[in-house]
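Okay, so here's the structure we're looking at.
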2 protein chains.
Amino acid sequence: MSYEQLKLKNQLCHRLYMASNSIVRAYREPLSELNITYPQYVVMMALWEQDKITIAELLEKTAIDGGAMTQILKKMADKQLLEIIKDAQDKRKRLVQLTSEGQALKKKAAHIPKQIGCKFNSIDSAQAQQLMQLLDLVVEDLSESKTIESF
Amino acid sequence: MSYEQLKLKNQLCHRLYMASNSIVRAYREPLSELNITYPQYVVMMALWEQDKITIAELLEKTAIDGGAMTQILKKMADKQLLEIIKDAQDKRKRLVQLTSEGQALKKKAAHIPKQIGCKFNSIDSAQAQQLMQLLDLVVEDLSESKTIESF
DNA sequence: ATCAAATACTTTGCATGCAAAGTATATTGC
DNA sequence: GCAATATACTTTGCATGCAAAGTATTTGAT
């Protein structure tokens with residue numbers, strides 16, 4: 001056996017690991033000006049798209065871990081970016097709603113996608129689209145439900 | 001302004017974030033049988049390729065954070081997988097060397113790449129290669145040295 | 001109606017990832 | 001030679017990511 005597949009150079013997974021870390025690192029500085037982290041930025045983007053949604057919906061949109069989400073939302077509430085409201089109909093649920101400050105942050109964040117995009121000098125728009133589609137397949141293939149079904 | 005770029009659906013970065021988390025999650029169970037985590041597995045793969053290298057070289061090969069590496073190596077040394085030896089020539093450096101137990105683990109890990117690979121039902125070999133190449137470009141574009149040069 | 005099971009979260013414990021500060025050793029410039 | 005730098009790590013503090021256990025409600029089956 002050559003163990004060829006155990007070499008880091010041949011591993012898609014290690015590439016993904018490195019790329020994701022690079023991304024989060026790249027966002028750190030731009031986002032520090034908004035006083036938020038990358039996961040918090042992801043939560044904000046979800047809420048800018050659709051406000052006043054349940055935590056479960058937020059989890060689904062962002063793919064952030066549930067346990068982490070509780071902590072993240074608590075910090076964001078402390079920063080006055082959002083409020084967590086109990087759902088009157090179903091008391092188990094909680095709704096997340098942006099404050100005016102949270103809504104206002106959208107304008108200050110509007111330049112960030114372009115700022116990050118500028119760093120991708122080697123990748124054109126078509127390749128980025130292709131990359132997104134392939135990554136969707138990766139996530140889909142690795143999703144829990146799929147794994148359970150196939151065994 | 002449409003803020004179209006702030007939508008999660010359009011973000012390559014969020015895809016990468018999700019995909020990377022999925023990967024680490026997918027490795028968790030197979031690796032738990034070896035009693036190691038994904039970053040520890042990455043360290044092992046690096047050492048299986050080339051043993052007795054400095055921590056700096058290990059950092060370069062794995063792209064793991066330096067601060068984290070200290071902790072990771074300490075845990076792996078506790079598990080008798082490797083030893084950290086002071087370099088006689090340059091006392092600042094330290095060499096990482098696998099124990100016989102660490103070397104032996106390679107056989108027990110040999111099935112893992114295939115096991116993970118089986119989950120990728122939607123992606124063929126050519127697409128995986130393409131994905132790797134694109135991810136290399138992402139990492140390259142976001143690398144620190146590049147950023148500094150371009151500004 | 002009522003108790004078991006399912007939901008929607010929260011909490012806890014452990015392992016990173018990362019920036020920034022600290023330590024020990026080696027190199028350099030003068 | 002020696003002080004100023006540069007190296008190679010280590011340590012610290014904070015923010016997740018994740019599994020597993022815990023809590024509060026709501027559904028469902030009988």
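All heavy atoms count here, side chains included; hydrogens, waters and symmetry mates do not. In what follows, chains are A, B, ... by sequence order, proteins preceding strands, each numbered from 1.
Applying the side-chain hydrogen bond (donor to acceptor under 3.5 Å, both in side chains) test to A:E60 and every residue at least two apart in sequence or in another chain returns nothing. The side-chain contact (heavy atoms from CB on, under 4.5 Å) search around A:K106 returns A:W48, B:Y3, B:L6, not counting sequence neighbours. Partners of B:K7 under the side-chain contact (heavy atoms from CB on, under 4.5 Å) rule, at least two apart in sequence or in another chain, are A:E49, B:E4, B:N10.
One finds a side-chain N or O of B:Y17 lying less than 4.0 angstrom from the OP1 or OP2 phosphate oxygen of D:dG17. A:T37 has a side-chain polar atom (N or O) that falls below the 4.0 Å cut-off from OP1 or OP2 of D:dT16. At least one side-chain nitrogen or oxygen of A:R94 sits closer than 4.0 Å to the OP1 or OP2 atom of C:dT10. In this model, the phosphate group of D:dT26 is not approached by any side-chain N or O of A:Q89 to a distance below 4.0 Å at OP1 or OP2.
Judged by distance alone, with hydrogens and angles left aside, the side-chain atoms of A:D141 form a donor-acceptor pair with the main-chain N or O of B:S122 at under 3.5 Å. Judged purely by atom type and a 3.5 angstrom limit, B:H14 uses its side chain to pair as donor or acceptor with the backbone of A:T62. When atom types are taken as modelled, the side chain of A:Q11 and the backbone of A:Q5 share a donor-acceptor pair closer than 3.5 angstrom.
In this structure, B:R25 atom CZ and C:dA15 atom P are separated by 19 Å, rounded to whole Å. Atom CG of B:L31 and atom P of D:dC18 are 14 Å apart (whole Å). Taking atom CG of B:L59 as the reference point, atom C1' of D:dT7 lies 13 Å away to the nearest angstrom. In this structure, B:I36 atom CD1 and C:dT16 atom C1' are separated by 15 Å, rounded to whole Å. Between B:I72 atom CD1 and D:dC9 atom C1' there is a gap of 14 Å when expressed in whole angstrom units. Between the CD1 atom of A:I23 and the P atom of D:dG17 there is a distance of 14 Å, given to the nearest Å. Atom CG in B:N35 sits about 13 Å away from atom C1' in C:dC14, given to the nearest Å.
The pair A:R15-B:D136 counts as a salt bridge, with a side-chain nitrogen and a carboxylate oxygen less than 4.0 angstrom apart.
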Report, one pair per line, the protein and nucleotides 3-7 of chain C atoms (nitrogen or oxygen only) whose separation is under 3.5 Å.
from	atom 1	to	atom 2	distance (Å)
C:dT7	O4'	A:R92	NH1	3.0
C:dT7	O2	A:R92	NH1	3.2

Would you tabulate the nitrogen or oxygen pairs shorter than 3.5 Å linking the protein to nucleotides 3-5 of chain D?
none

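Of the candidates D:dA15, D:dG17, C:dG17, the closest approach to any side-chain atom of B:I64 belongs to C:dG17. Considering only side-chain atoms of B:R28, the nucleotide from D:dA15, C:dT10, D:dA19 that sits closest is D:dA19. Checking D:dC9, D:dT16, C:dT10 against the side-chain heavy atoms of B:I55 singles out D:dC9 as nearest. Here the side chain of B:P39 is nearest to one of D:dG17, D:dA15, C:dT16, namely C:dT16.
Contact detail for A:L134 and B:I123: the closest heavy-atom pair is O-CD1, 3.9 Å. Between B:K79 and B:N35, the shortest heavy-atom distance links the atoms NZ-O, 2.8 Å. Scanning all heavy atoms of the two residues, the minimum distance from B:L131 to A:L135 falls at CD1-CD2, 4.2 Å. The shortest heavy-atom contact between B:L59 and B:G66 is CD2-CA, 3.7 Å.
Between B:Y41 and B:Y38, the ring-plane angle classifies as tilted under the 30° and 60° cut-offs.
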Side chain to side chain donor-acceptor pair (under 3.5 Å) assessment of B:E57 paired with B:T54: CA-CA 5 Å; B:E57 289 171 311; B:T54 65; 3.2 Å; yes
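If you check every strand for non-hydrogen atoms under 4.0 Å, B:K86 touches nothing. Within the nucleic acid shown, A:E29 has no heavy atom closer than 4.0 Å to any nucleic acid atom. At a threshold of 4.0 angstrom between heavy atoms, the contacts of B:D65 include nucleobase atoms, whether or not backbone atoms are also involved. Heavy atoms of B:Q71 sit under 4.0 angstrom from at least one base atom.
Using a 4.0 Å cutoff on non-hydrogen atoms, no part of residues 111-118 of chain B comes near DNA chain D.
Between B:D90 and B:G67, the residue anchored closer to the 5' end of DNA chain C is B:G67, taking for each the nucleotide with the nearest heavy atom. Looking at which nucleotide of DNA chain C each of A:G66 and B:A63 is closest to, the 5′-most match is held by A:G66. Residues B:T54 and A:K75 both approach DNA chain D. Their nearest nucleotides, taken by heavy-atom distance, put B:T54 toward the 5′ side.
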